[in-house]
Student: 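If you scroll down you'll find the structure; I have some questions about it.
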Amino acid sequence: MNFSPQLIALGEYLAGEFDNQEQAIGEPIWYVHLRLWQRPINLFTEDSITLFAEQASLVNLDKPYRQRIMRLRHCCPDASLEVQYYMPQDPGALIGAGNNPALLNTLTSEQLDLLPGCILTVTQETLAGDRYKFTATSLPETRCSFAYLGNSINVSLGFEATAAEFHSYDKGIDPATGKATWGAIMGPYRYTKRNQY
């Protein structure tokens, strides 16, 4: 399938190794120093660009967490962009795959669980030349919730991406109070791309 220049650019912007070193140094009370890997994988290639994402605290790089799959594709009659999230059925089997992509070689779509409410619509702003700024936000009236290790997890998702930066607005939401309990509570995690994949 032929992908639009915007979809290709979104995939390129999201693929890479990132960290938020400047933010963690500047605001250590609010932001832990994180490394984020977003690796392209060969799933849903008929209509999508798909990434495996994982992150780790810099002080515990050997203990990465939050494994997820991001499927980037066109949707809707207007061919706008969307991101659909999936969770590996066995996240433990993929621990460390961000830094060791060989672990992803045997991953199949049958080993993933679709997260129906975990979908973002993506808009783009054209910058100079053929550069973009992408903004991904949740669909109105949807809730990203899923079961993980016997717990019900509610998440508010969102991001902004340019060629050099990735800003994550992801937050964990307490289902009882509706208040954020972890993540981008004081504003986005501001990652800088260190390596392109």
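What's counted below: heavy atoms across the whole structure, side chains too, no hydrogens, waters or symmetry copies. Count residues from 1 along the sequence. Treat the numbers as computed from the prediction; the structure is a model and nothing was measured.
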Student: For a quick test of reading the model, state the closest non-hydrogen atom pair linking Asp47 to Arg73 and the distance between them.
Tutor: O-CB, 3.4 Å
Student: Can you confirm whether Asp170 sits close enough to Arg66 that some side-chain heavy atom of one is under 4.5 Å from a side-chain heavy atom of the other?
Tutor: yes
Student: Does Gln196 reach the main-chain N or O of Glu12 with its side chain, forming a donor-acceptor pair under 3.5 Å?
Tutor: yes
Student: I need the minimum non-hydrogen distance between Phe3 and Thr45, along with the two atoms involved.
Tutor: CZ-O, 3.9 Å
Student: Can you confirm whether Thr162 sits close enough to Arg131 that some side-chain heavy atom of one is under 4.5 Å from a side-chain heavy atom of the other?
Tutor: no
Student: Find out if a path of hydrophobic residues (ILVMFWY) with successive side-chain heavy-atom gaps under 4.5 Å connects Leu43 to Tyr85.
Tutor: no
Student: Which donor-acceptor pairs under 3.5 Å do side chains of residues 173-185 form with protein atoms, sequence neighbours excluded?
Tutor:
unit_1: Asp174; atom_1: OD1; unit_2: Ala176; atom_2: N; d: 2.7
unit_1: Asp174; atom_1: OD1; unit_2: Thr177; atom_2: N; d: 3.1
unit_1: Thr177; atom_1: OG1; unit_2: Lys179; atom_2: N; d: 3.2
unit_1: Thr181; atom_1: OG1; unit_2: Gly172; atom_2: O; d: 3.4

Student: May I ask you to check whether over 12 heavy atoms, not counting those of Lys133, lie within 6.0 Å of atom NZ?
Tutor: no
Student: Could you check His33 against Asp19 for side chain to side chain contact (heavy atoms under 4.5 Å, CB included), going step by step and ending with a plain yes or no?
Tutor: CA-CA 7 Å; His33 191 175; Asp19 72 36; 4.0 Å; yes
Student: Angle between ring planes, Phe18 versus Phe166, binned at 30° and 60°: parallel, tilted or perpendicular?
Tutor: tilted
Student: State, yes or no, whether a side-chain contact exists between Thr192 and Gln21 at a heavy-atom distance under 4.5 Å.
Tutor: no
Student: So, taking the atom named CG in Leu10 and the one named CZ in Phe134, what distance separates them when rounded to the nearest 0.5 Å?
Tutor: 5.0 Å
Student: Same cluster or not: Tyr132 versus Leu120, using hydrophobic residues (I, L, V, M, F, W, Y) connected whenever any side-chain heavy atoms lie under 4.5 Å apart?
Tutor: yes
Student: Report the distance from atom CD of Glu82 to atom OG1 of Thr121, rounding to the nearest 0.5 Å.
Tutor: 8.5 Å
Student: Under a 4.0 Å N-O cut-off, is there an ion pair linking Arg194 with Glu22?
Tutor: yes
Student: Pair Tyr86, Phe44 - check ring pair (Phe, Tyr, Trp, His ring centres under 6.0 Å), show working.
Tutor: CA-CA 12 Å; Tyr86 295 76; Phe44 309 113; 5.1 Å; yes
Student: Within 45 degrees of the ring normal and closer than 6.0 Å to the centroid, is that where the cationic atom of Arg39 sits relative to Tyr197?
Tutor: yes
Student: Look at the side-chain heavy atoms of Ile, Leu, Val, Met, Phe, Trp and Tyr, link any pair under 4.5 Å apart, and say whether Tyr169 and Leu139 land in one connected group.
Tutor: no
Student: Looking at Leu103 and Gly96, what are the two nearest heavy atoms and their distance?
Tutor: CD1-C, 3.9 Å
Student: When rounded to the nearest 0.5 angstrom, what is the spacing between CG in Asp130 and CD1 in Ile8?
Tutor: 11.5 Å
Student: Do you know the tightest heavy-atom contact between Arg68 and Leu36?
Tutor: NH2-CD1, 3.7 Å
Student: Distance check, rounded to the nearest 0.5 Å: Lys193 atom NZ versus Leu14 atom CG?
Tutor: 7.5 Å
Student: Please evaluate residues Tyr65 and Gln55 with respect to the criterion side chain to side chain donor-acceptor pair (under 3.5 Å), reporting the C-alpha separation (whole Å), side-chain torsions for both, the decisive distance (0.1 Å), and the verdict.
Tutor: CA-CA 6 Å; Tyr65 58 95; Gln55 66 193 49; 3.3 Å; yes
Student: With rounding to the nearest 0.5 Å, note down the distance linking NE2 in His74 to OG in Ser80.
Tutor: 9.0 Å
Student: Mind checking whether Leu157 and Cys118 have side chains closer than 4.5 Å, heavy atoms only?
Tutor: yes
Student: Begin with the C-alpha distance, continue with both residues' side-chain angles, and end with the deciding distance and a verdict on side chain to side chain contact (heavy atoms under 4.5 Å, CB included) for Met70 and Phe159.
Tutor: CA-CA 12 Å; Met70 303 163 68; Phe159 65 79; 4.1 Å; yes
Student: Show your working on side chain to side chain contact (heavy atoms under 4.5 Å, CB included) between Cys75 and Leu81 and close with a plain yes or no.
Tutor: CA-CA 6 Å; Cys75 79; Leu81 301 178; over 6 Å; no
Student: Listing request: all disulfide bond (SG atoms under 2.5 Å apart) pairs with a residue in residues 165-197, at least two apart in sequence or in separate chains.
Tutor: none
Student: Salt bridge (Lys or Arg N to Asp or Glu O under 4.0 Å) with Glu27: which residues, sequence neighbours excluded?
Tutor: Arg190
Student: Please examine the side chains of Cys144 and Asn154, heavy atoms only from C-beta on, and report whether any two atoms are closer than 4.5 Å.
Tutor: no
Student: Please confirm whether the backbone N or O of Leu34 pairs with a side-chain atom of Asn20, one donor and one acceptor, at under 3.5 Å?
Tutor: yes
Student: Do Gln67 and Glu54 pass the side chain to side chain donor-acceptor pair (under 3.5 Å) test, and can you show the C-alpha distance, the side-chain angles, and the key distance before you say yes or no?
Tutor: CA-CA 5 Å; Gln67 291 82 10; Glu54 180 175 61; 2.6 Å; yes
Student: Can you tell me how far CG of Asn42 sits from CG of Leu107, rounded to the nearest 0.5 angstrom?
Tutor: 10.5 Å
Student: In the single-linkage hydrophobic clustering (I, L, V, M, F, W, Y; side-chain heavy atoms under 4.5 Å), do Ile69 and Tyr13 co-cluster?
Tutor: no
Student: Would you call Arg71 and Glu46 a salt bridge, taking side-chain N to carboxylate O under 4.0 Å as the test?
Tutor: yes
Student: Look at the side-chain heavy atoms of Ile, Leu, Val, Met, Phe, Trp and Tyr, link any pair under 4.5 Å apart, and say whether Phe52 and Val83 land in one connected group.
Tutor: no
Student: Which atom names give the shortest non-hydrogen contact between Pro64 and Ala56, and what distance separates them?
Tutor: CA-CB, 3.7 Å
Student: Tell me the closest heavy-atom pair linking Leu72 and Gly11, and the distance in Å.
Tutor: CD1-CA, 3.7 Å
